[in-house]
Structures are given as C-alpha cells and as structure tokens.
Engineer: 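First the structure, then my questions, so here it is.
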Amino acid sequence: MGPARPRAGERERGLDVTGIELFEAMVAQLRHKVPATEIPVVVGDMATATAPGVGDYALVALVWNTLSNLRTQDEQVACFANAARHLRPGGRFVIELWVPPIQRLAPGEHAVPMTVSAEHVVIDTYDLLTQSCASHHYHHDPDGTVRSGVGHFRYAWPSECDLMARLAGLEPEARWADWDRTPFTATSPSHVSVWRKT
C-alpha cells in the first residue's frame with residue numbers, strides 16, 4: 001500500500017508511505033536503505049493484511065504486475081476488497097498490470113517467447129482455463145553456464161479487474177497504457193488503471 005509509483009521518491013515529496021510485504025527478507029533489504037520510522041511495513045499478505053490507519057488512505061497502489069503474484073481469482077478478488085477497505089471515501093486504487101499476449105499463441109499452442117537474446121531467454125506458458133502463467137527464464141552466463149528459474153503468476157484481464165473493483169465498491173476512473181498516460185488500446189501490452197472508492 002502506498003503511492004502509485006516509487007520512481008520519483010514519494011516520501012521525499014512529503015507523502016506518508018506504508019507498505020505491505022509478504023517476505024521479511026524483503027523488508028530487511030528495505031531497512032538497509034530506509035528506517036522503519038520513515039516507511040513502516042506490515043509483514044503479511046496483501047489480500048488480507050491490515051495496515052495502520054485502515055479506512056483513511058487516499059491511495060493504495062500495486063505496481064510492477066504485483067496483482068499477478070496472487071495465483072487464484074479468489075485471492076485477487078480479496079486483494080481488491082482489502083484495498084477498498086483501506087481507502088477513505090474518494091480514495092483511489094491504482095494498479096499497473098501486464099496484458100497477456102494471448103493473441104501471439106498459435107492455435108493449440110501454450111508457449112510464447114517473450115525475450116530472446118544471447119544472454120537471456122524467457123518463454124511464458126499459459127493455461128487458458130485457469131489463467132495461470134509460468135515464466136521460464138534461462139540465463140547464459142559469460143563462463144558458459146546456464147541458469148534457469150520459473151515464476152508462476154495468474155493473469156487478469158482489464159475487464160476482469162473492473163469487475164473485481166466493482167465487487168469491492170470501487171468505480172472506474174481512468175485507464176492508460178502506461179505511466180505517461182498513453183491511450184489504452186486493444187494492443188497495449190500493459191495498463192495503469194485507477195478506481196475510486198464511492
């Protein structure tokens with residue numbers, strides 16, 4: 001929970017920021033840079049955790065595809081409800097989320113190459129029934145070794161996000177393709193969406 005985009009340093013602009021983070025190790029990394037007195041963090045699940053001042057936030061934000069880390073629709077619905085619970089009337093919920101490139105799948109196929117270079121290959125695999133996705137990463141190191149890893153996600157369409165927002169008592173306010181407010185189109189690879197608590 002916090003401001004919509006950390007790139008410009010919201011706390012340096014005088015805004016109060018509170019975070020929710022699932023892993024204590026990530027909070028420990030933050031503490032190397034910023035003390036708890038400047039950015040308090042609640043350790044917990046973003047779909048259920050409660051931050052201090054619940055019900056009085058002007059803004060709740062999930063950036064960098066964070067919503068996709070919740071791997072079921074029920075968890076994503078709960079996250080929207082939790083965001084709305086933290087907002088005061090008129091507060092905004094903002095997400096930055098990718099749009100899956102399903103149109104790049106050949107009929108009957110379930111894998112799409114996302115990045116292909118000499119150093120890094122990423123292949124995403126999709127289950128169209130559950131909307132689950134796995135990103136398979138292969139890194140070719142200078143010494144000739146190859147490292148691999150996989151991340152698991154659940155994609156949600158912009159219209160599905162609108163429905164989850166409506167269920168949480170949020171109304172749509174804006175949607176762009178990126179933070180520069182480029183118009184969102186049918187071919188946009190991502191979206192920044194804003195809903196307002198009524």
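All values below were derived from every heavy atom in this structure, side-chain atoms included, with hydrogens, water molecules and symmetry-related copies excluded.
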Engineer: Of all residues at least two apart in sequence or in a different chain, which pass the side chain to side chain contact (heavy atoms under 4.5 Å, CB included) check with H137?
Structural biologist: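 H137 satisfies side chain to side chain contact (heavy atoms under 4.5 Å, CB included) with H120, V122, S135, H139 once adjacent residues are dropped.
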
Engineer: In terms of hydrophobic clusters joined by side-chain contacts under 4.5 Å, are I20 and L97 together?
Structural biologist: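 Yes: a chain of side-chain contacts under 4.5 Å links I20 to L97.
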
Engineer: Strictly by salt bridge (Lys or Arg N to Asp or Glu O under 4.0 Å), give each pair with a member in residues 140-150 just once, sequence neighbours left out.
Structural biologist: D141-R147

Engineer: Mind jotting down which residue pairs meet the salt bridge (Lys or Arg N to Asp or Glu O under 4.0 Å) criterion with at least one end in residues 185-198? Sequence neighbours excluded, please.
Structural biologist: E171-R196

Engineer: Counting N and O atoms only, with roles assigned by atom type, does the side chain of R71 sit under 3.5 Å from a partner on the main chain of N69, one being a donor and the other an acceptor?
Structural biologist: no

Engineer: Restricting to salt bridge (charged side-chain N to carboxylate O under 4.0 Å, His left out), what partner residues turn up for D74, sequence neighbours left out?
Structural biologist: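 Scan of D74 (salt bridge (charged side-chain N to carboxylate O under 4.0 Å, His left out), adjacent residues dropped) gives none.
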
Engineer: Search all heavy atoms of A51 against all heavy atoms of V42 and return the closest pair with its distance.
Structural biologist: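 Closest approach of A51 to V42: CA-CG2, 3.9 Å.
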
Engineer: Considering only Ile, Leu, Val, Met, Phe, Trp and Tyr, and joining two whenever side-chain heavy atoms are under 4.5 Å apart, list the other residues clustered with L22.
Structural biologist: F23, M26

Engineer: By side chain to side chain contact (heavy atoms under 4.5 Å, CB included), which residues pair with V27, not counting sequence neighbours?
Structural biologist: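 Here the qualifying residues are E21, R31, V41, V43.
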
Engineer: Please list all pairs meeting side-chain hydrogen bond (donor to acceptor under 3.5 Å, both in side chains) that have one or both residues in residues 150-167, counting only residues at least two apart or in different chains.
Structural biologist: Q73-E160, Q76-R154, Q131-E160, R154-E160, D162-R175, D162-W195

Engineer: Rounded to the nearest 0.5 Å, how far does CG of L59 lie from CG of L87?
Structural biologist: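 So the gap between those two atoms works out to 7.5 Å.
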
Engineer: Would you kindly confirm whether Y126 and V99 end up in one hydrophobic cluster when ILVMFWY residues are joined by side chain heavy atoms under 4.5 Å apart?
Structural biologist: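 Yes; tracing contacts between hydrophobic side chains, which count when under 4.5 Å, links both residues.
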
Engineer: Mind checking whether C133 and W98 have side chains closer than 4.5 Å, heavy atoms only?
Structural biologist: yes

Engineer: Find out if a path of hydrophobic residues (ILVMFWY) with successive side-chain heavy-atom gaps under 4.5 Å connects V194 to W179.
Structural biologist: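 Same hydrophobic cluster.
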
Engineer: Taking only residues two or more places apart in sequence or in another chain, which ones pass side chain to side chain contact (heavy atoms under 4.5 Å, CB included) with A47?
Structural biologist: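 Testing A47 for side chain to side chain contact (heavy atoms under 4.5 Å, CB included), a comparison that skips the adjacent residues, returns D45, L70, A78, C79.
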
Engineer: Going from CG on L62 to CZ on F93, what distance comes out if it is rounded to the nearest 0.5 angstrom?
Structural biologist: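 Atom-to-atom, L62:CG and F93:CZ are 4.0 Å apart.
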
Engineer: List for me each residue that meets salt bridge (charged side-chain N to carboxylate O under 4.0 Å, His left out) alongside E75, sequence neighbours excluded, and say none if there are none.
Structural biologist: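 E75 satisfies salt bridge (charged side-chain N to carboxylate O under 4.0 Å, His left out) with no residue once adjacent residues are dropped.
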
Engineer: Restricting to side chain to side chain donor-acceptor pair (under 3.5 Å), what partner residues turn up for H110, sequence neighbours left out?
Structural biologist: none

Engineer: Could I get the full list of side chain to side chain contact (heavy atoms under 4.5 Å, CB included) partners for S190, not counting sequence neighbours?
Structural biologist: none

Engineer: For the residue pair Y57 and P52, what are the closest heavy atoms and their distance?
Structural biologist: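 Closest pair (atom of Y57, atom of P52, distance): OH-O, 2.7 Å.
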
Engineer: Nearest 0.5 angstrom please: I95 CD1 to S68 OG, how far?
Structural biologist: 8.5 Å

Engineer: Of all the heavy-atom pairs spanning H191 and S193, show the shortest one and how long it is.
Structural biologist: ND1-OG, 2.6 Å

Engineer: Taking all non-hydrogen atoms of both residues, which atom of G169 and which atom of T198 are closest, and how far apart?
Structural biologist: O-OG1, 3.3 Å

Engineer: Can you name the nearest heavy-atom pair linking F184 to P158, along with the distance?
Structural biologist: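 Shortest heavy-atom separation between F184 and P158 comes out as CZ-CG, 3.8 Å.
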
Engineer: Say you draw a straight line from CD of E96 to CG of N65; how long is it, rounded to the nearest 0.5 Å?
Structural biologist: 6.5 Å

Engineer: Taking all non-hydrogen atoms of both residues, which atom of D127 and which atom of L129 are closest, and how far apart?
Structural biologist: OD1-N, 2.9 Å

Engineer: Looking at CH2 of W176 and OG of S188, how far apart are the two atoms once the value is rounded to the nearest 0.5 Å?
Structural biologist: 13.5 Å

Engineer: Are V112 and L128 linked, directly or through other ILVMFWY residues, by side chains that come within less than 4.5 angstrom of each other?
Structural biologist: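 Both belong to a single hydrophobic cluster.
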
Engineer: Is the shortest side-chain heavy-atom distance between P113 and V121 below 4.5 Å?
Structural biologist: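 No. Closest side-chain heavy atoms not under 4.5 Å.
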
Engineer: Counting only heavy atoms not in E24, do more than 12 sit closer than 6.0 Å to its CD atom?
Structural biologist: no

Engineer: Can you pull out every salt bridge (Lys or Arg N to Asp or Glu O under 4.0 Å) where at least one residue sits in residues 103-125? Sequence neighbours excluded, please.
Structural biologist: none

